[in-house]
2 protein chains.
Amino acid sequence: MTGSADETEALRHRLKMAKRKAAQDAEVASKTILEKGLLVVHTGNGKGKSTAAFGLLLRALGHGFPCGVVQFVKGGRETGERRAFERFSDLLVWHTMGEGFTWETQDRDRDKRAAEAAWCRARELMDRPDLKLLVLDELNIVLRYGYLPLAEVVAVLAARRSDLHVVVTGRNAKPELIEAADLVTEMSLVKHPFAAGVRAQAGIEF
Amino acid sequence: MTGSADETEALRHRLKMAKRKAAQDAEVASKTILEKGLLVVHTGNGKGKSTAAFGLLLRALGHGFPCGVVQFVKGGRETGERRAFERFSDLLVWHTMGEGFTWETQDRDRDKRAAEAAWCRARELMDRPDLKLLVLDELNIVLRYGYLPLAEVVAVLAARRSDLHVVVTGRNAKPELIEAADLVTEMSLVKHPFAAGVRAQAGIEF
């Protein structure tokens, strides 16, 4: 390319980017609601639903906001995130309920009681006026198995105070919950290493 | 329901869960590769790509693994996650490169130089024998704009040592990168509060 062609190309790029910035600035300016607690749902058959919820949690903790977590389904092993969040015990309340994945216990009544206890803790945390963000990890699983009354759960979430963010995770989110949510992301599996015979690893799966 | 019908239902549930557990145990037993550094890609137009990467990072840090982050595109404001991760400075190396989003600078040459400098830092971190996980945040954006040679980037990632996990984020992941990856998740937008006039908020968007 000649010097002049280079220059033309650089100017064209600058023009394109300036247009894009103007469009973005206009979009930001059009948003008039400054603060609103969001009901966020992470669903889908892919990885990253709980992981992204914990990323949001970390972000909120970084801003110094008091936060809470209720895990409705507990895996067998101690997880890396659980240990990492111990460094935030000044800001974070964490409840892990349940007895392991439901296909580990094979006892519907026990699972149901555990789900109800977890939902109680969630409601208690929602009543705390200082809390800024609450993660209800794997609540979708519990709703899917019918361990909690869907209509009540959705009504309580919808009636929460207006500046509290709630993040709900788990596959097969109920349509009623999606309807009530502000922000819904579906995590889809494109490619998974289990298919290539690789076991779950510390730091990736747990 | 009569007591007997309850009992039948409970037994049916237990049988179903036992079958599911057996299937899951068999699947886990079939995995023979115990440890392998994964190339993980988070892409798609939805939220949660970087957030889930930072969730993975947190998980790895919770296990006490030394980790690194290179951010190829820098937002204008200080983020909650950046501040939160300061509590892990004993384990984590963090480089933020670039001069803000490319549509903020409108200078292709400067953006390209920043991308090249970031890629240098990424290669240096890949050479560290103790590192367990490396996040290359928004590398996909930089590849999409052609600021780095795609073939070289993919080749270097493919040739990294076999026990290093690398997580690449950003929309529009290149097919060559997806081909080289072990685990690919697409985050899709189902519902977004921007559409309802809500501004980006601390703890959610940054």
Side-chain angles (χ1 to χ4, degrees), chain A residues 10 13-14 17-18 20-21 24 31-36 38 42 46-48 51-52 54-56 58-63 65 79-84 87 102-104 106 108-109 132-133 165 178 181-194 196-199 201-204, chain B residues 10 13-14 17-18 20-21 24 31-36 38 42 46-48 51-52 54-56 58-63 65 79-84 87 102-104 106-108 132-133 165 178 181-194 196-199 201-204:
Chain A
H13 178 79
R14 192 173 293 195
M17 290 300 166
R20 194 161 302 176
K21 175 163 163 48
Q24 215 216 7
K31 310 306 174 199
T32 50
I33 305 169
L34 287 182
E35 204 166 322
K36 177 189 182 302
L38 301 179
H42 293 170
K47 308 285 292 177
T51 315
F54 293 136
L56 279 175
L58 187 82
R59 185 171 289 166
L61 293 168
H63 287 288
F65 300 148
T79 59
E81 60 267 21
R82 185 76 197 85
R83 263 191 271 169
R87 299 200 191 193
T102 48
W103 47 88
E104 297 277 343
Q106 299 154 38
R108 190 180 164 85
D109 283 338
K132 186 78 178 175
L133 186 139
H165 302 298
I178 288 177
D182 301 291
L183 171 58
V184 181
T185 303
E186 178 160 340
M187 278 72 172
S188 316
L189 179 70
V190 178
K191 207 174 183 182
H192 197 293
F194 273 23
V198 182
R199 279 207 190 165
Q201 300 177 77
I204 292 288
Chain B
H13 179 80
R14 192 174 292 198
M17 290 300 165
R20 194 162 299 178
K21 176 162 161 51
Q24 214 218 8
K31 310 305 172 199
T32 49
I33 305 171
L34 286 183
E35 204 167 323
K36 177 187 181 303
L38 301 180
H42 294 170
K47 308 283 296 175
T51 315
F54 293 136
L56 279 176
L58 187 83
R59 185 170 288 165
L61 292 167
H63 286 288
F65 299 148
T79 59
E81 61 268 21
R82 185 75 196 86
R83 265 192 269 168
R87 299 200 191 193
T102 48
W103 49 86
E104 297 276 344
Q106 300 152 39
D107 184 334
R108 190 181 164 85
K132 186 78 178 176
L133 186 138
H165 302 299
I178 288 177
D182 301 292
L183 171 58
V184 181
T185 302
E186 179 160 337
M187 279 70 173
S188 314
L189 180 70
V190 178
K191 206 174 186 184
H192 196 293
F194 273 21
V198 182
R199 280 208 189 162
Q201 299 178 78
I204 292 287

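In the text below, chain A, chain B and the rest are named by the order of the sequence lines, each starting its count at 1. Predicted model, so just to flag it, every value in this text is computed and none were measured.
Nearest heavy atom pair, residue B:G48 against residue A:A52, reads O-CB, 4.0 Å.
Your options are A:H165, A:E81, A:R87, A:E186, and the one with the most heavy-atom pairs under 4.5 Å with chain B is A:R87.
The structure places NZ of B:K47 at 7.5 Å from OG1 of A:T185, a figure rounded to the nearest 0.5 Å. B:H42 contributes atom NE2, which lies 7.0 Å from atom OG1 of A:T51 (distance to the nearest 0.5 angstrom).
Only the side chain of B:L133 comes within less than 4.5 Å of a heavy atom in chain A; its backbone stays farther off.
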